[in-house]
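First up is the structure itself, then whatever we jot down about it.
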Number of protein chains: 2
Amino acid sequence: MQQVKRLQELAFFVSIPHMAQKQPDPYATLGEFIKRQRELSQLSLRQLADICGISNPYLSQIERGLRTPSSMILQSLAKGLRISAETLYTQAGILDPQEAEESDVIKAVMHDPDLSARQREMMIDMYRSFRQVNETSSTT
Amino acid sequence: MQQVKRLQELAFFVSIPHMAQKQPDPYATLGEFIKRQRELSQLSLRQLADICGISNPYLSQIERGLRTPSSMILQSLAKGLRISAETLYTQAGILDPQEAEESDVIKAVMHDPDLSARQREMMIDMYRSFRQVNETSSTT
DNA sequence: TACAATCGCTAACTTTTGCAAGCACATAGG
DNA sequence: CCTATGTGCTTGCAAAAGTTAGCGATTGTA
């Protein structure tokens, strides 16, 4: 139930510009980021909208943070802006940035679709324990 | 304009189960994949729905491919299933597969310089056990 | 048998997404 | 001056997303 609240907070953060002060990034909201990218590409709002196959009023609303675009629209925007979809998702606060910095083992475990959630958790715990043990024993 | 059509095709592909024959993956659709993950985690539909903060009928519809979840719902599902959001997006056909590079857990473990040989062995054993358990339990 | 709890699903509803039509403003060109 | 074409924005509206209430079926338990 409290997850709902977290979702709402995320939504709020994504769509409302002045909530962006949390991040040091000057283009913190998804909309601002997209607008910035569009302007860097010298594209007008309509041009980008046409390229992406979405309507121009809608793109306008996205840029101003009035609408939260769906996954597919976001994907389409990523293609239009020649940007990795992951970058866009990260900007939108949808993808975890720190995940990229995790160790390869953890990443691999997280990505393995053949393990259950519990099993993944166990393997990651195990891995972290090993790392910790090695840490302390080497500083002896 | 033809981008619109591509979007629709993607939507169709994502949501309609029997369109999934294109992929060799037996859990090709997002819904099937989520269901599989949920069952691996021994969670009932309602339990996962509660964890993710969404309604159970909606999760049911997602699993059956009747609804396309938004980015935020997908993210929430990823968290609930302890799986990388990227993996989920890739399954949904929203992220390119090569971007998410499903690196092998064993390979990652083998290459990790911070683990001892013994620790590597243990992790790989553990991983193999899990896989085997899942194998037998899914052939029910 | 009956009562309670859990499973997944259906139906009806509210909310949000995304679009078509059209507004106001600016820069030109005839 | 008047049309033309560009910019971004506002306004309803259809179609999806997502929720609440409740169904029938199953399981355990008294």
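Numbered from 1 within each chain, the chains take letters A, B, ... in sequence-line order.
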Rounded to whole Å, the CD1-C1' distance (B/Ile54 to D/dT20) equals 14 Å

So do the side chains of A/Met123 and A/Tyr127 get within less than 4.5 Å of each other, counting heavy atoms only? no

Side-chain donor/acceptor of B/Ser84 to backbone N/O of A/His111, under 3.5 Å: no

Counting any heavy atom closer than 4.0 Å, what does B/Ser55 reach on the DNA or RNA strands: base, sugar-phosphate only, or nothing?
-> base

Residues at least two apart in sequence or cross-chain that pass side-chain contact (heavy atoms from CB on, under 4.5 Å) with B/Ser129, listed by chain then number, are none

Open item on the list: OP1 or OP2 of D/dA17 versus the side-chain N and O atoms of A/Ser70: is any pair under 4.0 Å?
Closed with: no

A/Gln42 CD to D/dG6 P, in whole Å, measures 17 Å

inquiry  = On the nucleotide D/dT7, are OP1 or OP2 found under 4.0 Å from the side-chain N or O atoms that A/Ser44 carries?
reply    = yes

From CG of A/Leu59 across to P of D/dG8 the rounded distance in Å is 9 Å

Separation of D/dA16 atom C1' from A/Met72 atom CE, nearest Å, is 11 Å

note: A/Ile73, atom CD1; D/dA17, atom C1'; distance rounded to Å ~ 14 Å

Atom CD1 of A/Ile62 and atom C1' of D/dG8 are separated, to the nearest Å, by 15 Å

| Does the side chain of A/Met122 come within less than 4.5 Å of A/Arg118's, by heavy atoms? | yes

Testing D/dG8, D/dT7, C/dG8 for proximity to the side chain of A/Gln47, the answer is D/dT7

Minimal heavy-atom distance between A/Arg120 and A/Leu115, with the atoms involved, is NH1-O, 2.8 Å

Please produce a list of atom pairs where a protein N or O lies less than 3.5 Å from an N or O of nucleotides 9-13 of chain D.
residue	atom	partner	partner atom	Å
D/dC9	OP2	A/Ser60	OG	2.8
D/dC9	N4	A/Asn56	OD1	2.9
D/dT10	OP2	A/Arg64	NH1	2.5

Closest non-hydrogen atoms of A/Pro69 and A/Leu74, given as atom of the first, atom of the second and distance, are CG-CD1, 3.3 Å

